[in-house]
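Note that ligands are numbered from 1 as they come in the structure, with each ligand's atoms numbered from 1 the same way. What's counted below: heavy atoms across the whole structure, side chains too, no hydrogens, waters or symmetry copies.
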Amino acid sequence: MLTNNVKGTHDIIGEEANGFAYIENVLKQICELFAYNEVRPPVMEHSELFVRGVGEGSDIVRKEMYTFNDKADRSITLRPEFTAGIMRLIVQNKLLATNELPFKVYYCGPVFRYERPQLGRYRQFNQFGVEAVGNNTPEIDVEVITLAYTILSSLNLENVKIAINTLGDDESRNAYKEALKAYFAKHLDKMCPDCHSRYELNPLRILDCKVPEDQEIVKGAPKMKDYLSDAAKARFARVLELLDALDIPYEVDDTLVRGLDYYAETVFEFHYVSKTGNDYGAIGAGGHYDKLVKEIGGPDAAGVGFSFGVERLYSVLKDDELLPDNINTNVEIYVMPLGNEAKTMAQLVASELRLSGFRTDICFEDVKLGNMFKRAERKGAKFAIIIGEDEVSKQQVVIKNLETTEQKSCELEKLIETISTEMGEEFCD
Ligand code: AMP
């Protein structure tokens, strides 16, 4: 127990940790180019926020939240997604009244869902995403899709498919929900218990049911497109027109409804199949929402956002060998002190090298020189710096190029200059 992680969590180490940092860096840079600013909401919120925000009909609220009572008996939930928390942050800090609209933010961090752990599905995973709030136009929907598309292109992910649909306005959705209720009423006795509660809470959720027998029934259900109001049709047509103008490829999928209750009008998902044929399903998804800000006590403001799973992005990049080579953990220089006095000098030398930008490590153990070289090799070091008694007394070091095996003595004060030249030659090779 003590040495096992909690089921559904995972340790992010070594190459994976570097991969995450690379991905997060790209995400951040692109968001900043689009003039989105970072926000960092807390991991915990009052449970009610998610019940109201994400919706009682969603699987997340019904089955997947990590909810507990704190010592003062408040019901607290570890965020299962970011959007509701960001809306709370916006409302509480009156950010819609004090900023130019739309108010545009991005976020990155862990989320928690009590799901069945399986390949690529965790109970604690990382999401990255954006929200643009306070503008209700097809143009802002398309900006958000363009931002996501730019991120995926910057990560060199070319096999991305964008599936898009509209859930229409209130009028369209209410008419559609009625039609779904009339249709499913005839089949409900054959459907799973979850679909019974979905029927009561939000019949749209039945379209997401994963039970194969239910999926067969879903195939015959009425289609959203037949219940769209003229205004909703015109809005969606404008979204598609803009995507065409920007040359962003998409496929309209009229079965796409998304699993969270707050969505309205435009909804979309990013699907990926790797070069090796692994189908990752949705690596990211999002959409427009009308009522969320108001639902949690804020002004009448619409928004749009998306969210990507960082673990999924990493797996896809790794699978398709799209992670850059230079994100490894190799050290450049390994400092090898022989004896106690040399250890003090090793610390000084390493500090100087680090401050000059060289990734430097020190051998802290009293092992034989041969063993130190083996360690340097395992760490992928390009150079070893050897400091023995002689070097300490002469205030010199020995620099050994571990690829060519050439070595030379160097005055301490010439160290940075010499190693920079040596490294320069290395890079020219
Ligand atoms: P959602 O908030 O459900 O729309 O999910 C957005 C993205 O988060 C998905 O497209 C996945 O990439 C990722 N994701 C969702 N659930 C999980 C999970 N349990 N484990 C890992 N990634 C997930």
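- When heavy-atom distances to ligand 1 are checked against a 4.0 Å cut-off, E269 has no atom that comes that close, whether in backbone or side chain.
- Summarising the geometry, atom CG belonging to L201 is positioned 6.5 Å from atom CD belonging to E56; distances are rounded to the nearest 0.5 Å.
- For atom 4 (O) of ligand 1, the closest non-hydrogen atom on the protein side is R258 NH2, 2.4 Å.
- When only interatomic distances are considered, the shortest N/O to N/O separation between E115 and ligand 1 falls below 3.5 Å.
- Between G120 and ligand 1 there is a heavy-atom distance shorter than 4.0 Å.
- Using a non-hydrogen distance threshold of 4.0 Å, R121 registers as a contact of ligand 1.
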Original post:
Passes side-chain contact (heavy atoms from CB on, under 4.5 Å), F383 versus E403? Steps please.
Top reply: CA-CA 8 Å; F383 290 89; E403 269 158 37; over 6 Å; no
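- Both the sub-6.0 Å distance and the 45° axial angle are not jointly satisfied by K28 relative to the ring of F128.
- In terms of protein heavy-atom proximity, atom 8 (O) of ligand 1 is nearest to Q127 NE2, 3.2 Å.
- Summary of contacts: the protein heavy atom closest to atom 11 (C) of ligand 1 is R312 NH1, 3.4 Å.
- Between the side chains of Y272 and E158, no donor-acceptor pair is found at a separation under 3.5 Å.
- Of all the listed residues (I60, I283, T83), I283 holds the heavy atom that lies closest to atom 12 (O) of ligand 1.
- At least one N or O atom of G309, backbone or side chain, sits closer than 3.5 Å to an N or O atom of ligand 1.
- A donor-acceptor pair under 3.5 Å links the side-chain atoms of Y183 to the main chain of I217, judged by distance alone.
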Original post:
Checking side-chain contact (heavy atoms from CB on, under 4.5 Å) for the pair V310/E24: CA distance, chi angles, key distance, verdict?
Top reply: CA-CA 8 Å; V310 182; E24 284 162 11; 4.2 Å; yes
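- Residue S307 has at least one heavy-atom neighbour below 4.0 Å for each of these atoms of ligand 1: 6 (C), 7 (C).
- If you check which protein heavy atom lies closest to atom 9 (C) of ligand 1, you get A282 O, 3.9 Å.
- The cationic group of K161 does not satisfy the cation-pi geometry with F270, failing either the under 6.0 Å distance to the six-membered ring centre or the 45° limit from the ring axis.
- For a threshold of 3.5 Å applied to N or O pairs, the pair formed by Y122 and ligand 1 contains at least one separation below that value.
- Using modelled atom types, one finds a donor on one side chain and an acceptor on the other under 3.5 Å when comparing S197 with R62.
- Geometric assessment of R79 against the ring of F50 yields a negative cation-pi assignment under the 6.0 Å and 45° thresholds.
- Within the 4.0 Å heavy-atom criterion, neither part of R123 lies near ligand 1.
- Below 3.5 Å of separation, one finds an N or O of G284 facing an N or O of ligand 1.
- Contacts of E81 with ligand 1, taken as heavy-atom pairs under 4.0 Å, are absent altogether.
- Applying the salt bridge (charged side-chain N to carboxylate O under 4.0 Å, His left out) test to residues at least two apart or on different chains, the pairs with a partner in residues 244-257 are K225-D254.
- The R113 neighbourhood of ligand 1 comprises atoms 1 (P), 2 (O), 3 (O), 15 (C), 16 (N), with distances under 4.0 Å to a heavy atom of that residue.
- Protein heavy atom closest to atom 16 (N) of ligand 1, with residue, atom name and distance, is F125 CZ, 3.3 Å.
- Under the salt bridge (Lys or Arg N to Asp or Glu O under 4.0 Å) criterion, K63 pairs with D194, sequence neighbours left out.
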